[in-house]
Amino acid sequence: DVKVTQSSRYLVKRTGEKVFLECVQDMDHENMFWYRQDPGLGLRLIYFSYDVKMKEKGDIPEGYSVSREKKERFSLILESASTNQTSMYLCASSIQGSGLGTQYFGPGTRLTVL
Amino acid sequence: GQQLNQSPQSMFIQEGEDVSMNCTSSSIFNTWLWYKQDPGEGPVLLIALYKAGELTSNGRLTAQFGITRKDSFLNISASIPSDVGIYFCAGRWSGGSNYKLTFGKGTLLTVNP
């Protein structure tokens with residue numbers, strides 16, 4: 001079974017803090033993704049990575065950065081957290097090459113910024 | 001970007017009833033996926049469809065990849081209380097990248113025991 005894990009299920013941070021969200025997958029997937037999920041807005045893609053050290057902006061990259069130093073690990077960084085970044089953050093991974101696009105999700109991190 | 005229209009937005013049914021939901025688009029998709037999300041959890045893949053006309057089952061769940069490649073359906077038979085959750089469709093647009101997905105807004109299912 002594909003397993004995607006996220007470092008924290010719940011996080012509470014203060015405005016202005018630097019926040020790191022970590023994601024690890026154990027299936028040797030090339031692609032990894034970060035989404036945020038908000039009521040009424042659905043899933044929105046923040047960033048994705050198709051290889052180590054490679055990244056591309058998604059639909060809402062402002063206020064976020066990412067790091068992928070190893071194939072299995074993809075980090076989302078909030079340089080200076082703001083209250084409008086309170087959300088559910090979901091990491092996903094998928095295999096490349098087959099081109100089928102099926103993504104597998106982690107359990108999510110519920111981030112609250114005070 | 002491409003949009004998926006998922007309906008209904010919510011359903012309230014009695015235990016034992018069958019459920020149908022669907023996703024439609026004006027664009028052609030090469031892959032259709034159905035996920036379920038429990039409260040506070042990440043989406044879990046239920047069924048993946050890769051070919052037009054394909055009909056695939058997973059227990060009491062059945063999903064179909066529409067012949068026009070612009071829609072997909074998910075049916076749940078004999079619903080039980082643990083079916084409660086949000087069901088999402090997702091698709092890989094034929095004119096887009098191989099790795100990006102478009103997501104529907106979800107169908108919230110409530111099952112009354």
Side-chain angles (χ1 to χ4, degrees), chain A residues 1-6 8-10 21 23 25 27 29-51 54-60 74 87-112, chain B residues 1-10 21 23 25 27-52 54 56 58 63 65 69 72 85-108:
Chain A
D1 276 355
V2 176
K3 191 142 185 206
V4 180
T5 57
Q6 294 182 229
S8 304
R9 296 299 307 275
Y10 301 94
L21 303 183
C23 175
Q25 51 94 5
M27 285 303 292
H29 285 174
E30 293 85 358
N31 304 323
M32 296 188 76
F33 307 80
W34 275 107
Y35 295 88
R36 64 177 283 177
Q37 184 179 33
D38 301 287
L41 297 177
L43 281 152
R44 293 181 291 169
L45 182 63
I46 304 171
Y47 266 99
F48 66 94
S49 168
Y50 50 89
D51 201 351
M54 305 303 287
K55 61 187 179 187
E56 281 196 27
K57 293 179 181 178
D59 300 318
I60 51 162
F74 192 34
S87 186
M88 173 72 139
Y89 288 88
L90 292 163
C91 175
S93 72
S94 72
I95 199 165
Q96 208 167 69
S98 67
L100 300 177
T102 303
Q103 293 182 20
Y104 299 88
F105 286 85
T109 297
R110 172 76 62 185
L111 173 67
T112 302
Chain B
Q2 302 311 303
Q3 286 192 326
L4 289 181
N5 301 308
Q6 186 170 350
S7 66
Q9 284 189 325
S10 63
M21 58 191 80
C23 264
S25 175
S27 303
I28 289 174
F29 283 75
N30 287 339
T31 298
W32 285 98
L33 307 167
W34 285 93
Y35 293 89
K36 183 192 176 205
Q37 186 174 24
D38 292 329
E41 301 289 332
V44 173
L45 181 68
L46 298 173
I47 293 178
L49 303 160
Y50 302 119
K51 205 164 126 181
E54 184 179 354
T56 297
N58 178 5
F65 192 138
R69 294 168 66 194
S72 179
I86 301 176
Y87 292 79
F88 289 98
C89 64
R92 186 171 63 88
W93 177 48
S94 63
S97 72
N98 279 340
Y99 39 75
K100 283 183 76 174
L101 295 178
T102 302
F103 290 87
K105 292 279 175 67
T107 295
L108 173 62

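In what follows, chains carry the letters A, B, and so on, assigned in the order in which the sequence lines appear, proteins first and then strands, with residues in each chain numbered from 1. Basis for what follows: all heavy atoms, side chains included, without hydrogens, waters or symmetry-related copies.
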Phe105(A) ring center near Tyr35(B) ring center (under 6.0 Å): yes
Arg44(A) versus chain B, the contacting section by heavy-atom distance below 4.5 Å: neither
Backbone N/O of Lys100(B) and side chain of Gln103(A): donor-acceptor pair under 3.5 Å: no
Selection from Pro43(B), Gly42(B), Gly91(B) maximising heavy-atom pairs under 4.5 Å formed with chain A: Pro43(B)
Region of Gln6(A) that comes under 4.5 Å of a non-hydrogen atom in chain B: neither
Contacting moiety of Leu41(A), where chain B heavy atoms sit under 4.5 Å: backbone
Partner chain A: residue of Gly40(B), Ala48(B), Ala90(B), Gly106(B) with the largest heavy-atom pair count (under 4.5 Å): Gly40(B)
Short side-chain to backbone donor-acceptor contact, Ser25(B) and Ser27(B), under 3.5 Å: yes
Check against salt bridge (Lys or Arg N to Asp or Glu O under 4.0 Å), Arg9(A) and Glu41(B): CA-CA 9 Å; Arg9(A) 296 299 307 275; Glu41(B) 301 289 332; 3.3 Å; yes
Heavy-atom contact with chain A under 4.5 Å, split by part of Gln37(B): side chain
Ring center gap for Phe33(A) and Phe74(A) short of 6.0 angstrom: no
